[in-house]
A.B. asks: 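So that we are looking at the same thing, I have put the structure below in structure tokens.
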Amino acid sequence: MFGTLTLNAFLHGPIETVAQLSVLFGVLAVVGLLTYYQRWGWLYKHWLTTTDHKKIGVMYIALSFVMLARGAVDAFMMRAQQVLAVGDGAGYLSPDHYAQVFTAHGVIMIFFVAMPFMFGLINCIVPLQIGARDVAYPFLNSMSFWLTVAGAALINLSLVVGEFAATGWLAYPPLSELYFSPGVGVDYYIWALQIAGVGTLLSGINFLVTILKMRVPGMSLMKMPIFVWTALGSMLLVIFAFPILTATLALLSLDRTLGLHFFTTDLGGSAMMYVNLIWAWGHPEVYILILPAFGAFSEIVPTFSQKRLFGYTSMVVATMSIVVLSFVVWVHHFFTMGASANVNAFFGIMTMVIAIPTGVKVFNWLFTMFRGRIIFATPMLWFMGFLTTFILGGMTGVLMSIPGIDFQLHNSLFLVAHFHNMVIGGVLFGFFAGFVYWFPKIFGFMLNERLGVYAFWSWIVGFLLAFIPLYALGLMGMTRRLSEVGVEFQPLLVVAAVGACVIGLGMLFQFLQLVVSIRDRKKNPAGNNPWNGTHLEWTTTSPPPASPLNENTSGGLLIAAGALVFGFALVWHIWWLATLGVVGIVALLIVRSFETHHA
């Protein structure tokens, strides 16, 4: 009746048990507070069933912050393990548990921190910037969000019931095949990403239609703010890239559940096909995330330089060039895997070429600042931090685009440092900047500037301490994913661990900034345009009024609940429950189709 689920799935070691209890007590605390303050009705009416794009955006950002805390804990655990597991020391994590931790860290940070943060900002700002009353399909927007929540919930369920994948965040075969990973960890990975991926794809379609069809009269494409352009480019990438991920994980699940051989060497399968497919999605995914961050900087730099953006047309061309070129660079992720010299040369050259439009953007921002009256408010500080870290990451990326050099650096910590330069220094700093910049518009009051400055400096110093040593460790020959390391690597690993702690301090300052700002919100009203911005979002009230077409519906929430039940049932092979989940989803969609007044 319960498939492969047994009581043993709930029994873990002491560290996992602490995580289980933390999740359990966290959930109970939230339930208790909502009950004590009698806020269940308010929560259901104003948040859980809303189709207002602004509230959905806020919930996306809240999900991102919650999962950032979870992903950061995984990062701290990895750093502590590598500092302690030196020489004869084994550290405090078993090799399998350590592998689960670094897999969960990568998956959470990309799919459930960066992606929700991106969609949160796009939800809050893009409709306002184009003068739309809401998104094109408000119900679809709600359902997309709750599917993302369902995917995140499934990953966190693996803490309590069973285990997570120990394969790395891209789950390469043959390690992710059933023979080498017989547990349920890879299945949690597959179905969490499939459910969230469907939500992402639906959001991509929704915002593409919104931007193309719902602009205010008179706003031609070449009059759109750059943030809207970058959102458009990102949504195009979502629409073309995420079906590749969905198909790839579906084939992997068929290998595991039906004994097929798409990615095994038996019966004509090929693990290299998986690697090609996953990176055909994976490299556009990097630009899905970074383009909206670029768009946020393109709003922030002119505002705080008190000048018009330099080179608007070239910014648009650079954005759409990146969209196209991002699909012709995926092989640089596996130069070492046996492709011909001609293939490697082509993809190496394409990798260098895609750096050109990115460089155009950087120079346009610098020229915008040139002779401007720069105001170093917190959003501008995040931009300056981005310049420092992202340019370093870009230079190392171009370095590794040379196949001969990549042969030496592949799978080393040099690559890890480069990737984090791009994703933290580029994506996360960009979203932090956008969040601080648009916070007064979204919520109607200002963030505490002093604590924001403390948070920025902690992040930038901590980031440099945490990841610059990894470049040196990579050049010294240290490979990634090691649960036990040589004595010669320990000093730099200690420095990296200190850097992680400083980043943790930055996160603490960000939390305190929110708490203090909310406490003092009546003392610091934002006004409609606190930064003297020039686009349409600054012409409405702060916070903006509710969408006039807004209708509450529990449909999206219930469909996502059905998807969560379906995913959990497939993980444990509870076929009757999976059938029930599918039937519930289909029934809810049918009921929805008969409603005459759609939100």
Side-chain angles (χ1 to χ4, degrees), residues 3-5 96 99-100 102-112 115 147-148 150-155 157-158 161-201 238 240-286 288 330-331 333-334 337-338 481 563-564 566-575 578 581-582:
T4 58
L5 180 61
D96 181 67
Q100 291 183 48
F102 68 64
T103 303
H105 172 75
V107 172
I108 286 169
M109 289 302 196
I110 294 296
F111 288 95
F112 300 107
M115 291 294 287
L147 287 172
T148 304
L154 201 56
I155 281 189
L157 267 176
S158 70
V161 190
E163 62 187 7
F164 196 61
T167 57
W169 77 280
L170 289 174
Y172 280 4
L175 185 57
S176 56
E177 294 285 353
L178 195 61
Y179 181 81
F180 293 101
S181 296
V184 296
V186 175
D187 300 300
Y188 268 117
Y189 171 93
I190 290 172
W191 295 108
L193 266 57
Q194 289 287 56
I195 292 169
V198 169
T200 298
L201 180 60
V238 164
F240 285 102
F242 265 80
I244 302 174
L245 177 68
T246 300
T248 305
L249 294 180
L251 296 178
L252 180 61
S253 70
L254 290 174
D255 276 9
R256 291 180 57 85
T257 56
L258 298 183
L260 302 185
H261 296 280
F262 289 107
F263 304 128
T264 68
T265 54
D266 300 328
L267 301 179
S270 172
M272 276 305 300
M273 181 167 70
Y274 181 94
V275 176
N276 273 279
L277 287 171
I278 202 71
W279 279 117
W281 159 81
H283 201 84
E285 167 67 7
V286 175
I288 287 170
W330 81 88
V331 173
H333 290 279
F334 46 98
M337 294 189 183
R481 300 173 181 160
L564 177 60
F566 173 72
F568 182 80
L570 287 179
V571 168
W572 292 101
H573 297 180
I574 308 173
W575 304 118
V582 171

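Model, not experiment: these values are computed from the prediction. Throughout, numbering of the chain's residues begins at 1 and tracks the sequence.
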A.B. asks: To check you understand the geometry: which heavy-atom pair defines the closest contact between Ile195 and Ala150, and what is its length?
C.D. replies: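 So the two residues come closest at CG2-CB, 3.9 Å.
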A.B. asks: The test is side chain to side chain contact (heavy atoms under 4.5 Å, CB included); show your working for Leu570 and Trp575 and say whether it passes.
C.D. replies: CA-CA 7 Å; Leu570 287 179; Trp575 304 118; 3.4 Å; yes
A.B. asks: Considering all heavy atoms of both residues, which atom of Val184 and which atom of Gly162 are nearest to each other, and what is their separation?
C.D. replies: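 In this case the closest contact between Val184 and Gly162 is CG2-CA, 4.3 Å.
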A.B. asks: Considering only residues two or more places apart or on different chains, which pairs with a residue in residues 167-193 satisfy salt bridge (Lys or Arg N to Asp or Glu O under 4.0 Å)?
C.D. replies: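 As it turns out, the salt bridge (Lys or Arg N to Asp or Glu O under 4.0 Å) pairs with a partner in residues 167-193, which skip direct neighbours, are Asp187-Arg256.
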A.B. asks: Tell me the closest heavy-atom pair linking Gly168 and Thr103, and the distance in Å.
C.D. replies: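 In this case the closest contact between Gly168 and Thr103 is N-OG1, 2.8 Å.
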A.B. asks: Looking at OG1 of Thr4 and CD1 of Ile574, how far apart are the two atoms once the value is rounded to the nearest 0.5 Å?
C.D. replies: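 Separation between the atoms: 7.0 Å.
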A.B. asks: Before you tell me yes or no, could you show the steps for Trp279 and Val331 under side chain to side chain contact (heavy atoms under 4.5 Å, CB included), namely the whole-Å CA-CA distance, both residues' side-chain angles and the distance that decides it to 0.1 Å?
C.D. replies: CA-CA 7 Å; Trp279 279 117; Val331 173; over 6 Å; no
A.B. asks: With sequence neighbours excluded, tell me which residues meet side-chain contact (heavy atoms from CB on, under 4.5 Å) with Val161.
C.D. replies: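 side-chain contact (heavy atoms from CB on, under 4.5 Å) check on Val161 returns Leu5, Ala9, Phe10, Tyr188, Phe568, Trp572.
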A.B. asks: Short question: side chain of Thr264, backbone of Gly269 - any donor-acceptor pair under 3.5 Å?
C.D. replies: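 No, Thr264 side chain to Gly269 backbone: no donor-acceptor pair under 3.5 Å.
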A.B. asks: Please say whether more than 12 non-hydrogen atoms of neighbouring residues, nucleotides or ligands are located less than 6.0 Å from CZ in Phe240.
C.D. replies: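 Counting other residues, nucleotides and ligands, CZ of Phe240 stays at 12 neighbours or fewer.
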A.B. asks: So, the side chain of Tyr189 versus the backbone of Trp169: is there a donor-acceptor pair under 3.5 Å, distance only?
C.D. replies: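 Yes; judged by distance alone, with no hydrogens or angles, the pair exists.
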A.B. asks: For residues 269-284, pull every pair meeting salt bridge (Lys or Arg N to Asp or Glu O under 4.0 Å), keeping only residues two or more places apart or in separate chains.
C.D. replies: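 Residue pairs with at least one partner in residues 269-284: there are none.
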A.B. asks: Provide the full list of ring pair (Phe, Tyr, Trp, His ring centres under 6.0 Å) pairs with a residue in residues 248-277, sequence neighbours left out, each pair given once.
C.D. replies: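 As it turns out, the ring pair (Phe, Tyr, Trp, His ring centres under 6.0 Å) pairs with a partner in residues 248-277, which skip direct neighbours, are Phe263-Tyr274.
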A.B. asks: Hey, what do you get for CD (Glu285) to CG (Leu170), rounding to the nearest 0.5 Å?
C.D. replies: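 One finds 10.0 Å between CD of Glu285 and CG of Leu170.
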A.B. asks: Before giving the answer on side chain to side chain contact (heavy atoms under 4.5 Å, CB included), spell out for Phe180 and Thr167 the whole-Å C-alpha distance, their side-chain angles and the decisive distance to 0.1 Å.
C.D. replies: CA-CA 10 Å; Phe180 293 101; Thr167 57; over 6 Å; no
A.B. asks: Considering non-hydrogen atoms only, spot the tightest contact between Ala241 and Ile288 and give its length.
C.D. replies: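 Answer, listing the atom of Ala241 first, then Ile288: CB-CD1, 4.5 Å.
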A.B. asks: To the nearest 0.5 Å, what is the distance between CG (Leu252) and OG1 (Thr257)?
C.D. replies: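 Reported value, rounded in 0.5 Å steps: 9.5 Å.
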A.B. asks: To check you understand the geometry: which heavy-atom pair defines the closest contact between Ser176 and Ser181, and what is its length?
C.D. replies: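 Where Ser176 meets Ser181 most closely, the heavy atoms are CA-OG, 4.1 Å.
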A.B. asks: Once you round to the nearest 0.5 Å, how far does CE of Met337 lie from CE of Met272?
C.D. replies: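 Met337 atom CE to Met272 atom CE measures 6.0 Å (nearest 0.5 Å).
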A.B. asks: Output all residues satisfying side-chain contact (heavy atoms from CB on, under 4.5 Å) with Ala152, sequence neighbours left out; order by chain, then residue number.
C.D. replies: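 If we apply the side-chain contact (heavy atoms from CB on, under 4.5 Å) test to Ala152, skipping adjacent residues, the hits are Leu63, Met67, Phe112.
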A.B. asks: Going by the angle between their ring planes, with limits at 30° and 60°, are Trp191 and Phe566 parallel, tilted or perpendicular?
C.D. replies: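 Perpendicular, since the angle between the ring planes exceeds 60°.
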A.B. asks: Let me confirm one number: the CG-OG1 distance from Leu249 to Thr246, rounded to the nearest 0.5 Å.
C.D. replies: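 Rounded to the nearest 0.5 Å, the CG-OG1 separation comes out at 7.0 Å.
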A.B. asks: Specify the closest pair of heavy atoms between Leu564 and Leu154, including all atoms of both residues, with the distance to one decimal.
C.D. replies: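 Closest approach of Leu564 to Leu154: CD1-CD1, 3.8 Å.
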A.B. asks: When rounded to the nearest 0.5 angstrom, what distance separates CD1 in Ile155 from CG in Leu193?
C.D. replies: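 Those atoms lie 6.5 Å apart.
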A.B. asks: Of all residues at least two apart in sequence or in a different chain, which pass the side-chain contact (heavy atoms from CB on, under 4.5 Å) check with Ala99?
C.D. replies: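 Per chain and number, Ala99 pairs via side-chain contact (heavy atoms from CB on, under 4.5 Å) with Phe102, Ala166.
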